[in-house]
Amino acid sequence: MAARLIDGKALALQVRERLAVESAAVLAKTGMKPGLATILVGDDPASQVYVRNKQKACELAGIYVDDHKLSTSITQAELLALIEKKNVDPKIHGILVQLPLPKHIESRVVLEAVSPNKDADGFHPYNLGRLVEGSPVFEACTPKGVIKMIESAGIAIEGKRAVVLGRSTIVGKPLALMLLQRNATVTICHSKTKNLASVCQEAELLLVAIGRAKFVTADMVSEGAVVIDVGTNKLPDGKLCGDVDFEPVSQKASWISPVPGGVGPMTIAMLLYNTVESAKRQAGML
Ligand code: NAP
């Protein structure tokens, strides 16, 4: 069987076009565009590219970007003061702090300083707690993008046996909770999981986020499974590849997402979505 492709790039474009219309409606009602503050500390080249891509996508969707590029030497107190300013700025509806932060700054403290009402990344413990409760305000962008990809392909989640590979706070755990909320039966695997291959073979939905290039091989995947690859790994030749061995696995899966062009573009689209939703909430449009 040759799998059908879940094209995250095409879906992200559709989402962004819809958001441009919604941003225009917010502007018409309030006189203000939805606004995202982007905060980048230091000069890590990969982070610079990620932030630039997010900013470009914002501009195309009619979202105002409030750009802050800060020196690595900034103190934690100075960074917290900037976040506090953005928390109370009415032009700002979402705040993005690009990770990783320099070692002298505690990421946890910084992420907790972002107002839960402007937490466009969905990383604040308040929003993660609301997700556990089943009533999230902001949902983390990457797992939310994965769910949208599955749903947009018309794949049912309810009642399915889902296996999530990876248990990070930003991808694996929230993704497992979102699947559970949609009535999947969910197993979460990690580096200490025994008989990993046989657990994966039971999956009707296999969601992979571990950061190991081509780790999931065809023998770990059951015939007809839906495979979503969150992994982003750089190969020695500079090319990007996922955590799934794409060619052989796509011969067994019914649906598969590629890397690049899968979850990555949807993560950015969901950041925009969260920002526009936040602006609509503040404008009483939800
Ligand atoms: P992370 O924080 O490093 O977590 C990795 C998880 O994978 C951990 O739970 C770890 O288990 C598990 N793991 C590692 N090796 C394993 C193995 N051999 N067998 C089973 N489990 C294993 O990573 P992350 O932030 O979730 O990111 C995961 C991948 O997704 C990375 O490639 C990252 O670049 C990518 N990513 C992509 C996007 C996007 O927008 N496309 C967004 C975020 C992340 P333990 O908990 O036991 O250590």
Side-chain angles (χ1 to χ4, degrees), residues 1-9 11-12 46-47 49-50 53 99-100 123 140-150 152-153 155 157 160-179 184 186-270:
M1 165 178 235
R4 293 172 72 183
L5 205 66
I6 305 184
D7 185 343
K9 198 172 165 188
L11 180 60
S47 294
V49 172
Y50 292 147
N53 287 343
L99 299 177
F123 292 166
C141 301
T142 300
K144 188 186 182 90
V146 170
I147 296 290
K148 293 256 182 222
M149 288 166 76
I150 298 171
S152 77
I155 299 161
I157 294 177
K160 291 272 167 65
R161 182 75 204 266
V163 174
V164 179
L165 256 184
R167 59 173 165 182
S168 71
T169 309
I170 61 168
V171 188
K173 282 180 193 162
L175 178 55
L177 287 166
M178 288 177 200
L179 291 161
V186 186
T187 302
I188 307 177
C189 298
H190 45 78
S191 65
K192 309 289 184 292
T193 298
K194 295 212 168 88
N195 305 319
L196 185 68
S198 68
V199 180
C200 291
Q201 282 158 10
E202 289 171 19
E204 295 171 282
L205 305 175
L206 182 60
L207 308 305
V208 190
I210 58 173
R212 303 265 183 277
K214 301 186 185 185
F215 181 89
V216 172
T217 47
D219 59 304
M220 296 167 77
V221 177
S222 72
E223 202 72 47
V226 174
V227 181
I228 306 285
D229 189 354
V230 180
T232 313
N233 308 288
K234 216 169 204 175
L235 295 172
D237 64 5
K239 285 192 183 148
L240 278 190
C241 90
D243 291 345
V244 174
D245 195 4
F246 184 84
E247 288 304 333
V249 169
S250 62
Q251 293 308 309
K252 280 183 94 176
S254 59
W255 290 90
I256 191 165
S257 70
V259 178
V263 177
M266 281 303 287
T267 297
I268 297 182
M270 291 303 105

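Scope of the values below: all heavy atoms of this structure, side chains included, with no hydrogens, waters or symmetry mates. Throughout, numbering of the chain's residues begins at 1 and tracks the sequence.
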Side-chain atoms of residues 162-175: list all donor-acceptor pairs with protein atoms under 3.5 Å, sequence neighbours left out, distances to 0.1 Å.
residue, atom, partner, partner atom, Å
Ser168, OG, Val171, N, 3.0

Mark yes or no for whether Ser254, through its side chain, and Gly224, through its backbone, hold a donor-acceptor pair below 3.5 Å.
yes
Within the structure provided, determine whether [X] and [Y] are in side-chain contact (heavy-atom separation under 4.5 Å).
{"X": "Leu179", "Y": "Ile147", "value": "yes"}
{"X": "Ile6", "Y": "Ile256", "value": "no"}
{"X": "Ile157", "Y": "Met178", "value": "no"}
{"X": "Val259", "Y": "Cys241", "value": "no"}
{"X": "Ile268", "Y": "Tyr50", "value": "no"}

Atom of [X], atom of [Y] and distance for their closest heavy-atom approach:
{"X": "Pro258", "Y": "Phe246", "result": "CA-CE1, 3.8 Å"}
{"X": "Met149", "Y": "Leu11", "result": "CA-CD2, 3.8 Å"}
{"X": "Ser257", "Y": "Val263", "result": "OG-CG2, 4.4 Å"}

Filter on salt bridge (Lys or Arg N to Asp or Glu O under 4.0 Å), then keep only pairs touching residues 226-245, sequence neighbours left out; what's left?
none
Run the side-chain donor-acceptor check on residues 199-220: report pairs under 3.5 Å with partners two or more places apart or on a different chain.
residue, atom, partner, partner atom, Å
Gln201, NE2, Asp219, O, 2.8
Glu202, OE1, Arg161, NH1, 2.6
Glu202, OE1, Arg161, NH2, 3.3
Glu204, OE1, Arg161, N, 2.7
Thr217, OG1, Asp219, OD1, 2.5

Start with the C-alpha gap between Trp255 and Leu5, add the side-chain angles, then the distance that decides, and say whether side-chain contact (heavy atoms from CB on, under 4.5 Å) holds.
CA-CA 6 Å; Trp255 290 90; Leu5 205 66; over 6 Å; no
